[in-house]
Asker: 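Mind having a look at this structure? Questions to follow.
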Amino acid sequence: MNDDGASATLLDGTRITDHRLSVPLDHRRPTGEQITLYAREFVAAENVKQGAERVDSLPWLLFLQGGPGGKGSRPAKLGGWMAEAGKAFRILMLDQRGTGLSAPLNRQSLRPRGDAAAQAAHMRHFRADSIVRDAEAFRRSLGLSSWSVLGQSFGGFATLSYLSFAPESLDRALITGGLAPLSGHADRVYRATYVKMRSRNREHFARFPQDREILDAVFAHVRTHAVHLPDRSPLTPARLQMIGMLLGGNTRADALHYLLEEAFTSADRTELSDTFLSAVGQQLSFAANPMYAVMHESIYGQPAELTEGRPATNWSAERVLVEFEDFDPASGSPLLLGEMILREHLQLDPSLQELAAAADELASVDDWEPLYDLAQLRRNRVPTAAALYTDDVYVARELSWETANEVAGITVWETDEFHHDGLSEEGGRVFSELLQRTS
């Protein structure tokens with residue numbers, strides 16, 4: 001373990017410690033190329049005050065962030081679920097491989113790998129199965145026999161992989177908005193989430209009828225004018241639809257309303273405001289998280305026997321869109337998208353253009369390794385609890401329950417109080433609810 005042991009203190013007195021660890025790029029080839037992982041350890045101030053004996057007695061909690069491509073949180077002080085968890089755990093905030101300070105994937109780091117095929121081959125080592133093996137390497141390096149894991153969204157997908165491949169290392173598993181489909185083609189996922197997004201669009205525009213009117217005016221303006229975002233990339237109808245990502249949470253939906261309020265510079269709606277274009281540009285750019293766009297559909301890639309004989313995802317969201325005419329960007333009043341990545345989104349984003357060909361290669365992969373062990377999940381004995389959000393537009397309720405029914409001993413807390421953002425909106429409550437169900 002390459003652990004510099006560097007420590008610092010947050011504003012509230014929380015102690016953080018840096019950890020670095022060298023692991024194989026391909027865990028099946030332990031003597032091959034190595035990459036460096038990074039994680040932050042958090043010990044809450046109250047526990048620090050009680051001394052080393054108290055700190056040493058605390059169990060550990062590993063947090064797996066959402067994404068793919070989401071790096072670990074970097075708080076100035078503990079709040080939300082971290083404040084609640086910090087009362088009873090030492091928290092290890094892992095930058096999952098490919099994110100943050102853990103061998104980040106982006107156009108700069110992938111360029112030296114060679115052509116698109118070589119880049120795609122490299123990225124195949126950055127899925128949930130590798131993340132679990134990384135976590136195991138960290139656990140062993142810390143001298144721990146076991147620990148608990150909390151997985152948010154894609155982190156929940158990785159937690160199911162952990163329960164599949166190394167359940168003996170887990171004291172408990174907590175999952176929020178992340179009960180991934182265990183089998184079936186990615187098309188199932190997008191058919192379900194297009195339906196969810198349709199309902200969410202209707203709900204929002206019923207609440208804010210003027211938003212639909214303004215949005216249609218923006219679509220009309222984009223079709224008839226050469227509109228560019230601050231990064232000089234063109235704003236097209238299909239890219240504009242991506243602001244629907246804001247519908248994935250309760251408070252973020254309000255942010256969409258406020259965004260549209262300032263769309264035009266004047267009542268005659270002849271010019272889009274810089275304020276609006278700046279906010280849209282920030283929402284649409286994947287510069288800070290390119291993995292999310294490039295690798296998104298690969299998180300559903302599974303072997304042929306688990307995907308109805310169709311292991312390649314083949315730009316699933318784009319293909320399935322044609323089954324939902326109300327999302328057609330060429331229509332007069334298209335609905336907004338959620339977690340649907342189209343080829344145009346990569347081709348027009350300056351931070352992704354170099355990686356568009358590699359994304360094409362990933363979409364055609366037809367020999368994926370399995371991400372889950374269904375037999376193991378059916379005999380699971382690790383105390384497991386999951387928060388399932390009834391109206392989640394990213395991880396559909398129906399598919400989540402299908403997965404829950406395959407995991408032995410899991411306790412599901414279904415709630416319609418949140419969308420996909422329960423852990424960020426009321427994290428302390430969500431964490432406590434799940435912890436109680438596994439204690």
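Basis for what follows: all heavy atoms, side chains included, without hydrogens, waters or symmetry-related copies.
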Asker: When you measure from the side chain of R113 to the backbone of A120, do you find a donor-acceptor pair of N or O atoms at a distance under 3.5 Å?
Answerer: no
Asker: Is any NZ, NE, NH1 or NH2 atom of the basic residue among D95 and R74 found under 4.0 Å from an Asp or Glu carboxylate oxygen of the other?
Answerer: yes
Asker: Check the side chains of Y38 and D18 for a donor-acceptor pair under 3.5 angstrom, ignoring hydrogens and angles.
Answerer: yes
Asker: When you check the gap from the basic side-chain N to the acidic O, do R200 and D391 get nearer than 4.0 Å?
Answerer: no
Asker: Can you tell whether the side chains of E402 and R188 come within less than 4.0 Å, N to carboxylate O?
Answerer: yes
Asker: With ring pair (Phe, Tyr, Trp, His ring centres under 6.0 Å) as the criterion, how do W81 and F63 come out once you've worked through the C-alpha distance, each side chain's angles and the decisive distance to 0.1 Å?
Answerer: CA-CA 11 Å; W81 75 264; F63 179 65; 4.6 Å; yes
Asker: For atom CG of D274, decide whether the heavy atoms of other residues, nucleotides or ligands shown that lie under 6.0 angstrom number more than 12.
Answerer: no
Asker: Which residues pass the side chain to side chain donor-acceptor pair (under 3.5 Å) test with N47, not counting sequence neighbours?
Answerer: R54
Asker: Provide the closest heavy-atom pair for L259 versus F276 in the form atom of the first, atom of the second, distance.
Answerer: O-CD1, 3.5 Å
Asker: Under a 3.5 Å threshold, yes or no: a donor from one side chain and an acceptor from the other, between S316 and D187?
Answerer: yes
Asker: Who pairs with H420 by side chain to side chain donor-acceptor pair (under 3.5 Å), at least two apart in sequence or on another chain?
Answerer: S153, D392
Asker: Taking only Lys NZ, Arg NE, NH1 and NH2, and the carboxylate oxygens of Asp or Glu, determine whether D134 and R139 approach each other closer than 4.0 Å.
Answerer: no
Asker: Is any NZ, NE, NH1 or NH2 atom of the basic residue among E213 and R269 found under 4.0 Å from an Asp or Glu carboxylate oxygen of the other?
Answerer: yes
Asker: Going by atom types only, do S331 and E325 share a side-chain donor-acceptor pair under 3.5 Å?
Answerer: no
Asker: Okay, side chain of S424, backbone of D421: is any donor-acceptor separation there less than 3.5 Å?
Answerer: yes
Asker: Regarding R381 and E168, does a basic nitrogen lie under 4.0 Å from an acidic carboxylate oxygen?
Answerer: no
Asker: Can a donor-acceptor pair be found, under 3.5 Å and without considering hydrogens, that links the side chain of T14 to the backbone of L10?
Answerer: no
Asker: Run the salt-bridge test on E354 and R111 with the 4.0 Å N-O cut-off and return the result as yes or no.
Answerer: yes
Asker: So for atom NZ, which belongs to K71, do other residues, nucleotides or ligands contribute more than 12 heavy atoms lying within a distance under 6.0 Å?
Answerer: no
Asker: Is there a donor-acceptor pair closer than 3.5 Å between any side-chain N or O of R15 and the backbone N or O of F42?
Answerer: no
Asker: With a 3.5 Å cut-off and no angle check, do the side chains of R172 and S148 form a donor-acceptor pair?
Answerer: yes
Asker: Does any donor atom in the side chain of Q152 or T176 lie under 3.5 Å from an acceptor atom in the other side chain?
Answerer: yes
Asker: Provide the closest heavy-atom pair for F431 versus L174 in the form atom of the first, atom of the second, distance.
Answerer: CE1-CD1, 3.7 Å
Asker: Indicate yes or no for a side-chain donor-acceptor contact from Q65 to the backbone of L94 under 3.5 Å, with no hydrogens or angles considered.
Answerer: no
Asker: Under 3.5 Å, side chain of H345 to main-chain N/O of L342, donor-acceptor pair present?
Answerer: yes
Asker: Indicate yes or no for a side-chain donor-acceptor contact from T307 to the backbone of H185 under 3.5 Å, with no hydrogens or angles considered.
Answerer: no
Asker: Do E203 and R207 sit within salt-bridge range, that is, some charged N less than 4.0 Å from a carboxylate O?
Answerer: no
Asker: Taking the side chain as every heavy atom from C-beta outward, state whether F157 and I175 have any pair of such atoms under 4.5 Å apart.
Answerer: no
Asker: Using atom types as modelled and distance alone, determine if a side-chain donor or acceptor of T193 lies under 3.5 Å from a backbone N or O of V189.
Answerer: yes
Asker: Would you say the side-chain atoms of T236 and E344 include a donor-acceptor pair closer than 3.5 Å?
Answerer: yes
Asker: Decide, yes or no, whether a salt bridge links E369 with R124 under the criterion of side-chain N to carboxylate O below 4.0 Å.
Answerer: no
Asker: Treating S364 as the side-chain partner and E361 as the backbone partner, does any N or O pair qualify as donor plus acceptor under 3.5 Å?
Answerer: yes
